[in-house]
Amino acid sequence: MSKNDYDRRHFLGTVSAATGAAGLGLLRPAMAGPVRPIVGDATKPAVLGGAPVRTKRFPSWPVFEDSDREAWKEVLESGKWNRGPRVAEFEKKWGEALDVRYVTATSCGTSALVAALTALDIGPGDEVIVPPYTFIATINVVFMKHALPIFVDTDRRTHEIDATKIEAAVTDKTRCIIPVHLGGNPANMDVVLATAKKKNVPVIEDACQAHFAEWRNKRVGGLGDMGCFSFQASKNLNSAEGGAVVTDNGEHAVVCRSFQDVGRNYHLDGNGDLNRYGKPGWNYARNGDNRRMTDFQGTVLLGQLSRLEAQSQVREQNAEYLAKRLKEIGGVIPAEKYEGTTRHAYHLFMAKFDAEHFAGMTRGQFMKAMRAEGVGCGSGYPPINKEPYMKELVQSRGFRRIYSEKEIQSWIERNHCPENDKLCEDGLWWGQTTLLAERSGMDDIANAVEKIKNNADAIKKAV
Ligand SMILES: Cc1ncc(COP(=O)(O)O)c(C=O)c1O
């Protein structure tokens, strides 16, 4: 399978569309497809002509109710479609949920990250520490600031940034660390925060996939100097597109709010609340952008937020069960959590494929066999630090004006993450919608793995 075959969003979309169905009683009935009868030999792998383990679809996404329809209609009929009271209400609720003082909703998670980098005044000549195992946006935003992303290798046990390697990557140019809580699994925040403190470097948490994940009983996003969330369509909290930057730091909050509102002039009032200076209009404090959220998204988020806790619990319970079953079977190794993790958000159920347990078949063969069993999975990210565009970009006219040849060559040489390269070769993912299925759906996944394992030789030869 080529690295482009499984773009994450495509994967989430196809997995839920191809294998999706009702689970919680919360799902749209129209999307709960019929269950095809299981015919054929159930012990024979489906990829070799046997009966598939599962013919029922996994839950579809997104989930909505009549109240969402009504709320949306209200915005429509109000005629006030831009940023308004619904976005403000969502910001208030999200701040309360995370126990952070300031929240600025944005047009997407990428916008939230750009706003946060703007608040830290990240710019040309700066270095920002990032993981290579992430969605491309984490890296894109650094380049957008004409700064250099410095990749710190992945901890293959957890699929998260290897925080113990961050300190060695810090130089006198390091201006920020961006740990990503990938798949909803918190990065090792004890080590990240201790290193950041020791080196006096601020932290922006990329919590875009980690709604309601917790580190030592505190929700992620609120642990670093700033935290960024995405509400893009595949996310556990979804408004098609959308994002938020959260912080307890008033100065950062002012810049973030101002930046996403074309640079308009905001300030903290006597109570420390975030307000706009003077009348709306022609009153600017800085170079900004238009990255505002609309009230349509705000109202969708309020509805989605009301279901997030219940859905998170289902995902968590199913994921724990699936991990237990897979560990008993062997060969598909679930990502571990750090000791400080008190809650995993399970945007993804991440695992590693161990070919030795499967007669040496390739991951591609395994995935094909799983798809045939009706429990398809994705292969996860490619090594994005090796994307050719990055090398081209750092050697482009603009970057050459900022960085010397020696600095550019040094960046290219430092961009080396062997552990991540290996993970990109053996990673496996199931998306969050799969984890919303009934418990037997988890058994279906585990049973399919077991069946493939038991027939590994035949599959390897035939597929
Ligand atoms: C880890 C991570 N960072 C950043 C983003 C960017 O968010 P958005 O797509 O809302 O711009 C995403 C979204 O997919 C993400 O998964």
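Read the numbers this way: they start at 1 and go in the same order the structure lists the ligands and their atoms. Computed from a prediction, not measured in an experiment: that's the story for all the values here. These numbers come from the heavy atoms of this one structure, side chains and all, not from hydrogens, waters or symmetry mates.
Of the N and O atoms on the side chains of K145 and T118, at least one donor lies less than 3.5 Å from an acceptor on the other residue.
Taking a 4.0 Å cut-off on heavy atoms, K235 registers as neighbouring ligand 1. Within the structure, the closest approach of G242 to ligand 1 falls below 4.0 Å when heavy atoms are considered.
Looking at R175 and D121, no side-chain N of the basic residue comes within less than 4.0 Å of a carboxylate O on the acidic one, giving no salt bridge. Using a cutoff of 4.0 Å between basic side-chain nitrogens and carboxylate oxygens, E336 and R156 are not scored as salt-bridged. Taking the charged nitrogens against the carboxylate oxygens, K352 and E419 have no contact shorter than 4.0 Å, which rules out a salt bridge. Taking 4.0 Å as the cut-off between side-chain N and carboxylate O, E96 and K92 count as a salt-bridged pair. Using a cut-off of 4.0 Å between Lys/Arg side-chain N and Asp/Glu carboxylate O, D261 and R276 are scored as salt-bridged. A salt bridge links E91 with R83: at least one charged nitrogen is closer than 4.0 Å to a carboxylate oxygen.
Residue D206 has at least one nitrogen or oxygen atom sitting less than 3.5 Å from a nitrogen or oxygen atom of ligand 1, judged on distance alone. Among the atoms of Q209, some N or O lies under 3.5 angstrom from an N or O of ligand 1. Below 3.5 Å of separation, one finds an N or O of S230 facing an N or O of ligand 1.
Close approach to T138 involves these atoms of ligand 1, each under 4.0 Å from a residue heavy atom: 3 (N). Atom numbering of ligand 1 starts at 1 in the shown order; those under 4.0 Å from a heavy atom of T110 are 6 (C), 7 (O), 8 (P), 11 (O). If you number the atoms of ligand 1 from 1 as listed, the ones under 4.0 Å from a heavy atom of C208 come out as 2 (C), 3 (N), 4 (C), 5 (C), 12 (C), 15 (C). Applying the 4.0 Å criterion to heavy atoms of A137 picks out, from ligand 1, the atoms 4 (C), 5 (C), 6 (C). Atoms of ligand 1 found under 4.0 Å from any heavy atom of T134, numbered from 1 in the order shown, are 1 (C).
Within the set F229, F135, F231, the minimum heavy-atom distance to atom 12 (C) of ligand 1 is found for F135.
The aromatic rings of F399 and F143 sit perpendicular, their planes meeting at an angle over 60°, well past the 30° parallel limit.
Looking at V180 against ligand 1, only its side chain comes within 4.0 Å, counting heavy atoms. Residue-level proximity to ligand 1 for C108 is carried by backbone and side chain together, each with a heavy atom below 4.0 angstrom.
Between F229 and W94, the distance from one ring center to the other falls under 6.0 angstrom.
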